[in-house]
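In what follows, a single structure is set out as structure tokens and then discussed.
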Amino acid sequence: MIKTLAVHIKGFIKESVLTPLFMILEVVMETIIPLLMATMIDDGVNKGDMNHILYTGLLMGLCALVGLFAGIMGGVLGAKASAGFARNLRQSMFENIQTFSFANIDKFSTAGLVTRMTTDVTNLQNAYQMILRMCFRAPFSLICAMVMTFVINAKLACIYLVAAVFLGSVSFVLMKKTYKYFRQVFDKYDELNASVQENVSAIRVVKAFVREDHEVKKFNKAATNLYKLFVKAENALVSVNPVMTFTVYACIILISWFGANMIVGDSMTTGELTSMLTYCMNILMSLLMLAMVFVMITMSLASAKRVSLVLNEKSTLTNPENPDYNVPDGSIKFENVTFSYNSDGKSPVLHNINLDIKSGQTIGIIGGTGSSKTSLVNLIGRLYDVTEGDVKVGGKDVRSYDLETLRDEVAVVLQSNVLFSGTILDNLRWGNENATEEECIEACKLACADDFVQRFPEKYNTYIEQGGTNVSGGQKQRLCIARALLKKPKILILDDSTSAVDTATDAKIREAFREKIPNTTKIIISQRVSSVENADEIVVLDNGEINGIGTHDELVKSNHIYQEIYEAQTSGGGDFDQKGDM
């Protein structure tokens, strides 16, 4: 874990080295000042030597200025190093997340990843700054002050030694006790963020069903759970304050009492007692700083483990040693394919799939909800790897291809259509960042999107709000289809991606595909018979198995599942056929 995090100091090593050096310089100056104060009192004030007082005063002032400069530089450089460390962590986490396969992403919730990149990284940033400054300053100050007290008077210094051991033991016990609470706290942060994310992304549904009160109660429950854990952790931590205060005053009283007796007995000077009391505050403040460091490290340990999990997560999908960079054509072949989302291979969702699709064919896939239609097509672009068997594209196993090359040739329009903030052109160019405006318009014409885009005041420069909230469901689907077409793929997969489009427009899109991209293999997943009835072949899936393959006419006669779907959609007058976006 430490090694994983330490590499992210790169780029800020100079600041990370200079910060503790400046903090040590500040401590040295603070250690010298009480010695100068003692000589000023003993050799200047008590003897009436004004020159010595002035000379010592100037040295003290110089030490104070040097200490001030060192403290400022330590703070500035420490802030830069910790902020840079946090930036590197976030950047590495985000870059690693981009490499995740769907199987990796399934391990982490979206809210959990957000918490790790915000709250957890902020905790590590604060802890790193504390380590660079206090973790070096406090122990060094403690050691210097302790050494000086033993030099001045070993007997009185033993009081500080006992206090240091006592407070160190208390801090260790508190650190161990509070760690378990902080480890649970960040899991509760995930729940809180999940509640906010879900509510904001589905705010229209919440308002449509008047569920604001329910959502408020759910959020309050998550917030209350977080509050309770923080209270437990804070209750354990606040106990250090009275213990620290008691120790400080006990040391001051004991040093004053025994020191005064020693002065009376001429075994200690007034200046030495003053220095001892000054070092007393240095020692106890150092212990207080160390206690704060322990608290911050305790909090950050839980965060460090959570961040390290993301950084160390390796994609379950990797390129072979010598990847193939050429996809010959759009042919697809499933050979005895079994697939399970579980890494142990249990509970497969696809069983013994054998399917041969020729390049340029249009294949329809139909079946009931949960029949694993999406799982089947996810294997083509290697979004998941098969558990058993082989999936071949262009006559080659998909695992032999360079991932980027394969996915460039397999365009997928998923069930959940996503548009990003930016203009329509910006969104379309996700398919091809170098596409001209003319190419974008042509793709939109194929997807029957050009008509409604031209009606917008800004046309293709119309700004799409986050999530595409300012366009209808049907419009969003057609823009996503156009975006996929801009890739000019060898295989085009439409995963129920015309469900919000009227049947007339759906038919126009399919007709455009037949005429304009005849050499592209087209796989259409749909709940509508009308969307797949003209396909070269239709695959009927049932519970992860192929129940039937054939043309529309063949399946109407021979396959009972297809018959039931067809009759259900035609007996009541057919699918909705009036043109209009929904």
Side-chain angles (χ1 to χ4, degrees), residues 1-23 26 71-94 112-141 171-172 174-190 192-193 226-227 229-234 236-238 240-241 244 285-311:
M1 182 178 72
I2 294 175
K3 186 178 179 181
T4 300
L5 299 176
V7 297
H8 294 88
I9 302 169
K10 186 178 179 181
F12 297 91
I13 295 175
K14 182 179 74 173
E15 290 81 359
S16 298
V17 172
L18 288 176
T19 298
L21 291 179
F22 275 116
M23 300 316 297
E26 183 184 17
I72 292 172
M73 291 303 298
V76 170
L77 293 172
K80 187 176 180 180
S82 59
F85 173 60
R87 185 203 67 182
N88 291 345
L89 280 177
R90 289 192 178 98
Q91 187 171 334
S92 293
M93 287 175 69
F94 189 79
L113 290 173
V114 170
T115 304
R116 283 168 167 84
M117 294 188 70
T118 52
T119 305
D120 287 321
V121 172
T122 300
N123 285 339
L124 290 175
Q125 177 181 345
N126 293 335
Y128 186 58
Q129 185 172 16
M130 188 79 77
I131 288 169
L132 288 179
R133 298 182 65 198
M134 300 306 175
C135 253
F136 284 89
R137 188 188 194 287
F140 192 74
S141 178
S171 297
F172 177 77
L174 287 174
M175 181 178 178
K176 191 174 180 181
K177 186 177 180 180
T178 55
Y179 172 70
K180 64 177 183 180
Y181 293 128
F182 285 119
R183 189 174 56 186
Q184 298 171 40
V185 157
F186 298 109
D187 291 334
K188 297 299 179 184
Y189 263 125
D190 290 350
L192 191 73
N193 286 340
L226 186 63
Y227 159 77
L229 275 175
F230 260 121
V231 167
K232 288 180 180 179
E234 293 295 336
L237 290 175
V238 293
V240 76
N241 290 329
M244 182 67 68
M285 286 304 296
S286 296
L287 288 171
L288 181 60
M289 289 179 192
L290 284 174
M292 291 170 62
V293 169
F294 283 142
V295 170
M296 187 58 68
I297 290 176
T298 302
M299 290 179 63
S300 64
L301 276 176
S303 294
K305 285 188 176 182
R306 287 161 52 84
V307 169
S308 296
L309 279 175
V310 177
L311 291 172

In Å and rounded to the nearest 0.5 Å, what is the [atom1] to [atom2] distance from [X] to [Y]?
X	Y	atom1	atom2	result
F12	L132	CZ	CG	12.0 Å
L309	D120	CG	CG	10.5 Å
L77	Q129	CG	CD	11.0 Å

Using only heavy-atom distances, determine whether the side chains of R137 and T19 contain a donor-acceptor pair under 3.5 Å.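 Note: R137 and T19 side chains miss the donor-acceptor criterion.
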Run through T122, N126, T115, N123 and flag the one making a side chain to side chain donor-acceptor pair (under 3.5 Å) with S303.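 Exactly one candidate clears the test, N123.
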Criterion side-chain contact (heavy atoms from CB on, under 4.5 Å) against L89, the qualifying member of T4, L124, V310, I9: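 Answer to the side-chain contact (heavy atoms from CB on, under 4.5 Å) test with L89 among T4, L124, V310, I9: L124.
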Sole candidate of R116, R306, R87, R90 that passes side-chain contact (heavy atoms from CB on, under 4.5 Å) when paired with V121: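 Going through R116, R306, R87, R90 one by one, the side-chain contact (heavy atoms from CB on, under 4.5 Å) with V121 is satisfied by R90 alone.
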What verdict does the side-chain contact (heavy atoms from CB on, under 4.5 Å) test give for I72 and F22, after you've listed the backbone C-alpha separation in whole Å, the side-chain angles of each residue and the deciding distance to 0.1 Å? CA-CA 9 Å; I72 292 172; F22 275 116; over 6 Å; no
Would you please test H8 and Y128 for side-chain contact (heavy atoms from CB on, under 4.5 Å) and show each step? CA-CA 12 Å; H8 294 88; Y128 186 58; over 6 Å; no
Under the side-chain contact (heavy atoms from CB on, under 4.5 Å) criterion, do L18 and M73 qualify, and how do the steps go? CA-CA 9 Å; L18 288 176; M73 291 303 298; over 6 Å; no
Short side-chain to backbone donor-acceptor contact, S82 and A79, under 3.5 Å: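 Yes; judged by distance alone, with no hydrogens or angles, the pair exists.
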Closest contact, heavy atoms only, E15 versus A81: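 Nearest heavy atoms, E15 then A81: CB-CB, 3.8 Å.
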How about L5 and L311: do any of their side-chain heavy atoms sit closer than 4.5 Å?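 Counting from C-beta outward, L5 and L311 do come under 4.5 Å.
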